[in-house]
Amino acid sequence: MVTRARDIEEVQLIDKVVHISRTAKVVKGGRRFSFSAVVVVGDGNGKVGSGLGKAKEVPEAIRKGVERAKKSMTEIPLVNHTIPYEVMGKYGAGMVLLKPASRGTGVIAGGAVRAVLEAAGVQNILTKCMRSHNPHNLVKATLNGLSQLRSRETIAARRGKQPSEI
């Protein structure tokens, strides 16, 4: 049997369920329940994505969320297991401040933000959630902040300089 590189990558992915919601539709015979799950998937080495899955059962909603998250994965630059500089992520009413931290600090973050950062492989960071604490918005705000980050080499190339000059 031939194993593909893609199959090997999928085995090493970290997936975390951030939030599960139950919604009810009232029908003639009673209530019909359905579930939605917010899931974060990462490789623990700078790649992370999120997905929302909806289904009649919880496991099926989680599976759909994981599939969507794998498709939306983006790469973020990490420097010594932290982010290169301070950044603010916004989505809807959710706002997240992400600050790099020194070695040994750990992940100082709550719930939804912690799940995204751990899946991405960030080990030392300080965060602050402002305004809304809705898990959907916090996940997307965190991903928005992480997507704004650029590596030293990328910034130098855009400015037409050497990385040592910055």
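Just so it is clear, the values below take in all heavy atoms, side chains as well, and ignore hydrogens, waters and symmetry mates. For reference, positions follow the sequence shown, starting with 1.
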Peer 1: Would you check if Glu118 and Ile14 make a side-chain contact, meaning some heavy-atom pair closer than 4.5 Å?
Peer 2: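 Contact flag for Glu118/Ile14 side chains = no.
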Peer 1: Report yes if some heavy atom in the side chain of Thr23 is under 4.5 Å from a heavy atom in the side chain of Ser36; otherwise report no.
Peer 2: no
Peer 1: Identify whether Leu143 and Ile83 are in the same connected component of the hydrophobic contact network (ILVMFWY, side-chain heavy atoms under 4.5 Å).
Peer 2: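 Yes, Leu143 connects to Ile83 through the hydrophobic network.
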Peer 1: Do Met88 and Met130 have side chains that approach each other closer than 4.5 Å (heavy atoms only, starting at C-beta)?
Peer 2: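 With C-beta onward as the side chain, the pair touches.
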Peer 1: Find out whether Ile62 and Asp15 are in side-chain contact, i.e. whether some heavy atom of one side chain is under 4.5 Å from a heavy atom of the other.
Peer 2: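 Ile62 vs Asp15: side chains apart.
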Peer 1: Judged by atom type as modelled, is there a donor-acceptor pair below 3.5 Å linking the side chain of Lys25 to the main-chain atoms of Arg32?
Peer 2: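 Judged by distance alone, no pair lies under 3.5 Å.
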Peer 1: Is there a side-chain contact between Val66 and Lys70 in this structure, where contact means two heavy atoms from C-beta onward sitting under 4.5 Å apart?
Peer 2: yes
Peer 1: With hydrophobic residues grouped by side-chain heavy-atom distances under 4.5 Å, do Val107 and Tyr85 end up in a single group?
Peer 2: yes
Peer 1: Does a side-chain heavy-atom distance below 4.5 Å link Val38 with Pro135?
Peer 2: no
Peer 1: Give a yes or no on whether a salt bridge exists between Lys56 and Glu60, defined as a side-chain N under 4.0 angstrom from a carboxylate O.
Peer 2: no
Peer 1: Identify whether Val17 and Val41 are in the same connected component of the hydrophobic contact network (ILVMFWY, side-chain heavy atoms under 4.5 Å).
Peer 2: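 Same hydrophobic cluster.
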Peer 1: Would Tyr91 and Val40 show up in the same hydrophobic cluster when neighbours are defined by side-chain heavy atoms closer than 4.5 Å?
Peer 2: no
Peer 1: Do Leu146 and Leu117 have side chains that get closer than 4.5 Å, going by heavy atoms?
Peer 2: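 A side-chain contact under 4.5 Å exists here.
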Peer 1: Transitively linked via ILVMFWY side-chain contacts under 4.5 Å: Val39 with Met73?
Peer 2: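 Same cluster.
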Peer 1: Can Glu67 and Lys71 be said to form a salt bridge (Lys or Arg N to Asp or Glu O under 4.0 Å), step by step?
Peer 2: CA-CA 7 Å; Glu67 283 180 13; Lys71 290 178 184 175; 5.5 Å; no
Peer 1: Is there a side-chain contact between Leu97 and Glu86, using heavy atoms and a 4.5 Å cut-off?
Peer 2: yes
